[in-house]
Asker: 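Once you've had a glance at the structure underneath, I'll fire off some questions.
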Amino acid sequence: MIWFQTLVFLLCLGALFVYLNERFLHLDTTVGVMVLAMAVSCTGYVLDQLGLISWHTAFLAFWDKFDFSSVLLNGLLCFFLFAGALHIPIRSLEKDKWLILALAVLGTLISTFLVGILGWAGLGLIGIQLPFLYALLFGAIISPTDPIATLAILKSVGLPLRLETVINGESLFNDGIAMVLVTVISGLIYAGSSPSVGDVTLMFSREVLGGAILGIVVGIICNFLLNGVKEHSSQVLITMAAVTGGFAAAQFLEVSGPIGIVAVGLIVGNYSKVETTVNTGRQDLEVFWKMIDEILDIVLFLLIGMLVIVLNPTRLSAVAGVIMIPVVLFARWSSTAASVLLLSVHKRIGHGLWDMVKLLSWGGLKGGLPLALALSLNTGREREFILVIAYAVVAFSVIVQGLTINRLFTREELENMASPNE
């Protein structure tokens, strides 16, 4: 019953915040819902401290039972990834495959190490001693991007298909890469031993390649089943089984579930020959998953806003959070510039090179995944510290970057970036 009550609470509160945002704030839906959730949570906390209401203890008890990290990492994430991959044309993905791979793999690695090294050194200069491996772990946690808010905001400007594919494609793949990095670095911290470079490479390869192979197999099976039924409800059930079953299989086999589900989404979205009794083909299936994606998106940013109430910031962690915001921004810009410049040397990017860097760096918003990864760490002082600075970066990213990115580019600049490569 607790799960039903939680679902009712989240859906009702989400519906109220969506209404208030559209009626009064007029912000992008995800940003507006998060701002309202943060405002309500902070107001409730202040009133609780003043003795006017008593809800903080009850809310903490609810949050402990809810387990945000497990819900996102072991539940919502697979639906987000499948819904995002389902709408990406492989032909468009193939045109910019090197840019997307460079951003997702090389960019994530560069960002992880830059955030780790600069954060460790910068915090050390002001007397905040964070062990280097924990700083590196924070770099892996904060590096993945969330395209949901970015795409929603830039679509109002008129985001070309190429740029939408690059932003979406990078995020879908760097989620998996970042989770593999977190697994590897967490192993270095908690295992009590230092694996060799070969061991780390083998672990990384097993996660990535194993996840991709599993996803291809599940996608092929899913397509075979889809092509044999015509009822819309049957097709929806088959895809949901593929998503949940594929993710569970990845966990059992200890390979990357996110990469596997992205592969399933790409195969189903591009190679299934779905037919229905009313001749709407794959359109109904895509509409269903788009609605699921948008509803879960609202719930996710509602939870992110509410998460502020469970933080336990200290003066040092608050200061560290402020310091790490420019560090993460610099690391994102540097990793993006390195990936774009590397490809420009090989003539794979010809137009609006620095505009592309600016778009991808400032538009690389952070979402719920970094917070879920931070919450999944072993309980301790370092976990609480990392959670506070991760929340500071995510809040700045969604609110400040999310509310300003549509003012940085005109439609003409976006079209220029999306023009064919030289």
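Each residue takes its place number in the sequence, starting with 1.
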Asker: Between Lys366 and Val398 (side chain of the first, backbone of the second, donor and acceptor by atom type, cut-off under 3.5 Å), is there such a pair?
Answerer: no

Asker: Rounded to the nearest 0.5 Å, what separates atom CG in Asp293 from atom CG in Leu76?
Answerer: 11.0 Å

Asker: Can you check whether Ile304's main-chain N or O pairs, donor with acceptor, with Tyr391's side chain at less than 3.5 Å?
Answerer: yes

Asker: Please tell me whether Asn174 and Ser143 have a donor and an acceptor in their side chains that are separated by less than 3.5 angstrom.
Answerer: no

Asker: Treating Arg383 as the side-chain partner and Leu377 as the backbone partner, does any N or O pair qualify as donor plus acceptor under 3.5 Å?
Answerer: yes

Asker: How many angstroms lie between atom CD1 of Ile298 and atom CG of Leu13, to the nearest 0.5 angstrom?
Answerer: 11.5 Å

Asker: Is a side-chain donor or acceptor of Ser41 paired with a backbone partner of Ala37 at a separation under 3.5 angstrom?
Answerer: yes

Asker: Could you give the distance from CG (Leu365) to CZ (Arg332), rounded to the nearest 0.5 Å?
Answerer: 9.5 Å

Asker: Supply the atom-to-atom distance Leu136 CG to Leu188 CG, rounded to the nearest 0.5 angstrom.
Answerer: 8.5 Å

Asker: Could you check Ser272 against Leu226 for side-chain contact (heavy atoms from CB on, under 4.5 Å), going step by step and ending with a plain yes or no?
Answerer: CA-CA 7 Å; Ser272 63; Leu226 286 174; 4.2 Å; yes

Asker: For Ser335 and Ser111, test the side chains for any donor-to-acceptor distance below 3.5 angstrom and give the result as yes or no.
Answerer: no

Asker: CG of Asn168 to OG of Ser92: how many Å apart, nearest 0.5 Å?
Answerer: 11.5 Å

Asker: State the CD-CD distance between Glu207 and Glu254, to the nearest 0.5 angstrom.
Answerer: 8.0 Å

Asker: For the pair Asp175 (side chain) and Leu81 (backbone), establish whether a donor and an acceptor sit closer than 3.5 Å, ignoring hydrogens and angles.
Answerer: no

Asker: Side chains of Val115 and Met324: closer than 4.5 Å at any heavy-atom pair?
Answerer: yes

Asker: Where do Glu94 and Arg162 land on the salt bridge (Lys or Arg N to Asp or Glu O under 4.0 Å) test, with the steps shown first?
Answerer: CA-CA 11 Å; Glu94 188 175 358; Arg162 181 198 176 194; over 6 Å; no

Asker: For the side chain of Ser376 and the backbone of Leu373, is there at least one donor-acceptor N/O pair under 3.5 Å apart?
Answerer: yes

Asker: Please check: side-chain N/O of Ser361 versus main-chain N/O of Lys358, any donor-acceptor pairing under 3.5 Å?
Answerer: yes

Asker: Donor-acceptor check, side chain of Ser186 to backbone of Thr183, threshold 3.5 angstrom: yes or no?
Answerer: no

Asker: What orientation do Trp289 and Phe79 show, parallel under 30°, tilted 30 to 60°, or perpendicular over 60°?
Answerer: parallel

Asker: What is the ring orientation for Phe396 with Trp362, classed by angle as parallel under 30°, tilted 30 to 60°, or perpendicular over 60°?
Answerer: perpendicular

